Each structure stands twice: as C-alpha cells, then as structure tokens.
Amino acid sequence: MKALITGVTGFAGSHLAEYLLSRGDVDVYGTFRSLTKKEQLGQLMDRVHMENCELKDPQSVNELIQKIKPDLIFHLAAQSFVPTSVLSPTDTMVNNIVPQLNLFEAVRNHAVPCKIQIACSSEEYGLVYPEEIPIKETNPLRPLNPYAVSKIAQDYLGYQYHHSYGLAIIRTRTFHHTGPRRGESYVTSNFAKQIAQIELGLQEPKVHVGNLDAIRDFTDVRDIVKAYWLAITRGEPGDVYNISAGTRYTIEDMLKTLLALTDAQVEIHVDTNRLRPSDVDIVLGDSSLFREKTGWGPEISFQQTMEDLLNYWRSVLRQPNNS
Ligand SMILES: Nc1nc2c(ncn2[C@@H]2O[C@H](COP(=O)(O)OP(=O)(O)O[C@H]3O[C@H](CO)[C@@H](O)[C@H](O)[C@@H]3O)[C@@H](O)[C@H]2O)c(=O)[nH]1
C-alpha cells in the first residue's frame with residue numbers, strides 16, 4: 001500500500017511516517033519544504049521516498065499524483081502557528097488552502113481511487129460558550145484568527161469535494177497535540193526548551209510566558225498519528241471527527257508539570273508580546289464519535305508526554321551545533 005504524507009518533515013508528519021514505517025505494510029512517500037529538517041530527521045527520512053513538489057503549484061502536484069498514484073493521502077502540510085496567521089493572514093490562507101485544492105484537483109484529474117485524510121483543527125470552533133463544553137462536531141464554528149478561518153476553508157472544501165465529486169475525504173479536527181520534535185514556537189515546546197536552556201546555563205532563570213489561563217485538551221502526537229491511520233482506514237468518507245484525549249489543563253498547569261520535572265529554580269515572567277489579540281480561552285473536545293467508529297483511545301499520559309518533550313530538548317541542546 002502506498003501512502004503519501006504532505007509535510008512529512010513536519011511535527012505530525014514525521015511522527016506519522018515513523019508510525020507507518022513501523023507497521024511494515026506501507027510504502028511511505030512524502031513532500032517536504034525544509035531541507036534542514038530533512039537532514040535533522042536523518043535515518044527516518046532515508047526510509048521515506050522524498051518527493052520534490054511545490055504544493056502551491058498545480059502542475060507540480062499533478063505530476064506527483066500521476067507518478068505515485070497513492071492509495072492513501074495524509075494532507076498535513078500547513079502553516080499551523082496561530083500568531084503567524086495574525087501577522088501574515090494572506091500567506092496563511094494561500095499556504096493552507098491552495099495546496100489542498102491542488103491535491104483534490106489532481107486526484108480528480110487522474111481519477112486516483114485513494115482515500116484522503118485532511119488535518120483540520122479544533123481552532124475552527126474558536127469562541128465556545130461554557131454550556132458547549134466538551135465540544136462536539138456539531139458545534140457552530142466561530143473562528144477567532146485567520147489560521148482558524150483557513151482550516152474552516154480546508155474542512156468545508158473537503159466536505160464539498162466529497163459531495164460534489166465523490167472523493168473519499170475524511171476530515172479530522174485535531175485538538176492540541178505535542179511531544180518530542182514539537183516546533184519551539186508552540187507553548188509546550190517553548191516552555192520545555194526554556195527550562196532545558198536554564199538547566200544548561202544558556203538562559204537566565206526566568207521562563208517567559210504569555211496567557212497562562214487558557215485551557216487546552218492535550219494529546220500526545222504519537223497517539224494522534226495512530227488516530228490518523230484509523231481515521232483513513234476505518235473512518236467514513238465525507239464525515240468529520242474530533243480527535244482529542246479529553247484532558248483539561250490550563251497552560252499554567254502544563255508549566256507546573258514541566259517545572260516539577262526539573263531541579264532548576266525559575267521565575268515566571270509574563271511578556272506582553274506573547275499575549276494574543278483574541279485568544280481561544282477553552283478548547284476541550286468530545287471525541288466519542290471517533291472513538292466509537294474506530295476504537296481509538298489515547299495511550300500516553302500527559303505527564304509522560306511532558307517528560308519526553310523536556311528530555312527531547314535536553315538532548316537537542318546537548319548536541320554540538322544545537323540551535
Ligand atoms: N505559543 C505560545 N503560546 C502561549 C505562550 N504563553 C501562553 N500561551 C498560550 O498557550 C495556548 C496554546 O498556544 P499554542 O501552543 O501556540 O497552540 P494553539 O494556539 O492552541 O494552537 C495549536 O493547537 C491547534 C489545535 O490542535 C492547532 O491547530 C494549531 O496548529 C496549534 O498546534 C494559547 O492560549 C496561547 O495564548 C507562549 O509563550 N507561547
């Protein structure tokens with residue numbers, strides 16, 4: 001079976017590649033943007049068929065789909081950092097919507113009988129009222145940033161291409177996920193990296209933070225990629241599924257969990273430039289539809305995820321020429 005992962009060197013993409021390769025029954029193809037990340041991932045990426053493809057270019061995507069004729073497409077490539085979408089809304093719209101349209105059109109043009117999973121997001125729900133918690137797939141979408149709007153466009157294009165053209169598209173709305181290799185801009189990784197830097201004397205003993213009151217439903221990325229596999233193999237084309245562990249932590253709880261794993265004595269410093277114009281206060285998911293359909297459930301505890309993330313940064317920072 002041939003699986004194509006767009007954004008294979010990205011956070012979820014690289015974990016998905018690792019999972020698919022470990023199964024032994026999947027030939028993994030991937031598109032990527034960053035050569036540096038490819039090199040950092042070393043041996044893992046040596047086992048993936050790496051494809052040069054500009055996802056924003058229809059011709060390039062057409063050639064890729066015609067050449068590989070994948071059985072499965074996991075579309076993970078995206079601009080996924082909320083503050084970047086606030087600073088550059090146009091780039092986020094173009095980077096998130098155009099590649100997906102090119103993929104859908106290429107699959108249509110070549111009549112490739114594949115299944116497609118698209119990575120949508122809990123950010124689409126945006127403003128949520130207390131009585132709507134935990135959030136079901138039927139909740140209204142009230143986006144609070146351009147990233148969320150771009151994900152709604154991806155989500156609804158998935159719906160439309162399924163209904164208009166019969167493409168076997170499964171939409172997953174994933175809640176906050178983290179773990180080793182998480183990009184350092186995202187809150188869990190950012191705090192873990194700062195603590196590891198403090199331990200090594202590379203930063204003054206002060207952790208810089210933004211809004212600590214936001215509530216997130218944290219899931220380990222290694223559980224998320226297993227969910228993506230189950231979504232594409234057992235999910236119903238045309239349907240949309242929430243994926244989340246159902247945990248409820250404030251960002252402050254998450255910081256305290258990390259601080260309990262270190263002997264370093266630190267001060268907490270709120271940086272106003274880390275606060276967002278409109279933050280999403282609470283994101284807590286109801287993933288019962290997905291669990292009933294596929295049998296999925298999270299296996300890695302929040303505590304374990306945080307420990308693995310901190311250890312990841314400790315090991316990265318101890319390597320020569322680290323960033
Ligand atoms: N990044 C960051 N966030 C901070 C900080 N301090 C507090 N926060 C708060 O921590 C929360 C999480 O921020 P992010 O890690 O940037 O993630 P996100 O906005 O929740 O979005 C993530 O989850 C979505 C749902 O899965 C994803 O779709 C999205 O791509 C991203 O991964 C937000 O409420 C943010 O204001 C900080 O120093 N840095």
Side-chain angles (χ1 to χ4, degrees), residues 7 10-13 15 75-87 92 95-96 118-128 135 141 143-155 171-179 181-195 197 203 206-221 223-225 227-228 240-259 266 268-285 287 290 298 305-306 309:
F11 173 53
H15 281 281
H75 179 43
L76 306 185
Q79 190 306 97
S80 60
F81 189 46
V82 169
T84 299
S85 79
V86 175
L87 289 173
T92 298
N95 278 305
N96 292 358
I118 58 173
C120 307
S121 167
S122 58
E123 278 291 306
E124 293 171 47
Y125 297 115
L127 178 65
V128 173
I135 310 165
L141 306 179
L144 291 175
N145 54 67
Y147 166 76
V149 176
S150 76
K151 284 286 153 182
I152 291 175
Q154 283 191 245
D155 192 324
R171 295 168 288 148
T172 50
R173 289 187 190 148
T174 308
F175 287 62
H176 202 103
H177 47 294
T178 187
R181 302 203 288 268
R182 185 48 151 157
E184 65 184 271
S185 311
Y186 302 89
V187 70
T188 47
S189 215
N190 190 281
F191 291 179
K193 184 180 181 189
Q194 290 190 61
I195 292 167
Q197 289 187 147
Q203 176 174 329
K206 204 188 241 187
V207 180
H208 299 264
V209 303
N211 173 18
L212 293 183
D213 297 329
I215 295 171
R216 291 290 182 273
D217 182 345
F218 292 96
T219 310
D220 193 287
V221 65
D223 282 328
I224 292 292
V225 297
Y228 288 164
V240 63
Y241 300 103
N242 281 346
I243 302 180
S244 75
T247 59
R248 181 194 185 111
Y249 294 98
T250 61
I251 300 301
E252 186 171 12
D253 295 332
M254 184 274 292
L255 175 58
K256 283 184 181 157
T257 304
L258 284 172
L259 290 175
V266 305
I268 311 297
H269 178 78
V270 179
D271 276 357
T272 46
N273 60 8
R274 287 175 181 246
L275 301 172
R276 299 179 180 181
S278 58
D279 205 358
V280 176
D281 297 330
I282 176 159
V283 190
L284 181 62
S287 59
F290 183 66
T305 305
M306 287 298 124
L309 179 59

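All residue numbers in this chain count up from 1 along the given sequence. As the structure lists them, so they are numbered: ligands from 1, and atoms in each ligand from 1. The model shown is predicted, which means the values in this text are computed figures rather than measured ones.
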Nearest-contact summary for [atom] - protein heavy atom, Å:
atom: atom 38 (O) of ligand 1; value: R274 NH1, 2.7 Å
atom: atom 36 (O) of ligand 1; value: D279 OD2, 2.7 Å
atom: atom 9 (C) of ligand 1; value: N211 O, 3.7 Å
atom: atom 24 (C) of ligand 1; value: S121 OG, 3.8 Å
atom: atom 11 (C) of ligand 1; value: I251 CD1, 3.7 Å

Going by the rule side chain to side chain contact (heavy atoms under 4.5 Å, CB included), which residues pair with D223 if we only count those two or more places apart in sequence or in a different chain?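 For D223, the residues satisfying side chain to side chain contact (heavy atoms under 4.5 Å, CB included) (neighbours in sequence not counted) are T219, D220, W296, P298, E299, I300.
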For D213, what residues pass the side chain to side chain contact (heavy atoms under 4.5 Å, CB included) criterion, not counting sequence neighbours?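 For D213 the side chain to side chain contact (heavy atoms under 4.5 Å, CB included) partners, ignoring immediate neighbours, are N211.
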Of the side chain and backbone of [X], name the one, both, or neither that has a heavy atom under 4.0 Å from an atom of ligand 1.
X: V187; value: both
X: H176; value: both
X: S80; value: both
X: S185; value: backbone
X: V283; value: neither
X: R216; value: side chain
X: F175; value: backbone

With a 4.0 Å cut-off, would you call K151 and E123 a salt bridge?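 Answer for the salt bridge query: no.
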Hey, is ligand 1 close enough to R276 that some N/O pair sits below 3.5 Å?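 The answer is yes, given that R276 and ligand 1 share an N or O pair closer than 3.5 Å.
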Indicate yes or no: does an N/O atom of G210 lie under 3.5 Å from an N/O atom of ligand 1?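 Yes, G210 has an N/O under 3.5 Å of an N/O on ligand 1.
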Regarding R276 and N145, is there a side-chain donor-to-acceptor distance under 3.5 Å anywhere?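 Note: R276 and N145 side chains miss the donor-acceptor criterion.
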Non-hydrogen atoms of A119 and Y228 that approach each other most closely: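 Distance-wise, the nearest heavy atoms are CB-OH, 4.3 Å.
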Between the candidates F218, Y147, Y186, Y125, which shows the shortest non-hydrogen contact distance to atom 27 (C) of ligand 1?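 It is Y147 that holds the nearest heavy atom.
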So for R182, does at least one of its heavy atoms come nearer than 4.0 angstrom to any atom of ligand 1?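 The answer is yes, since R182 has a heavy atom less than 4.0 Å from ligand 1.
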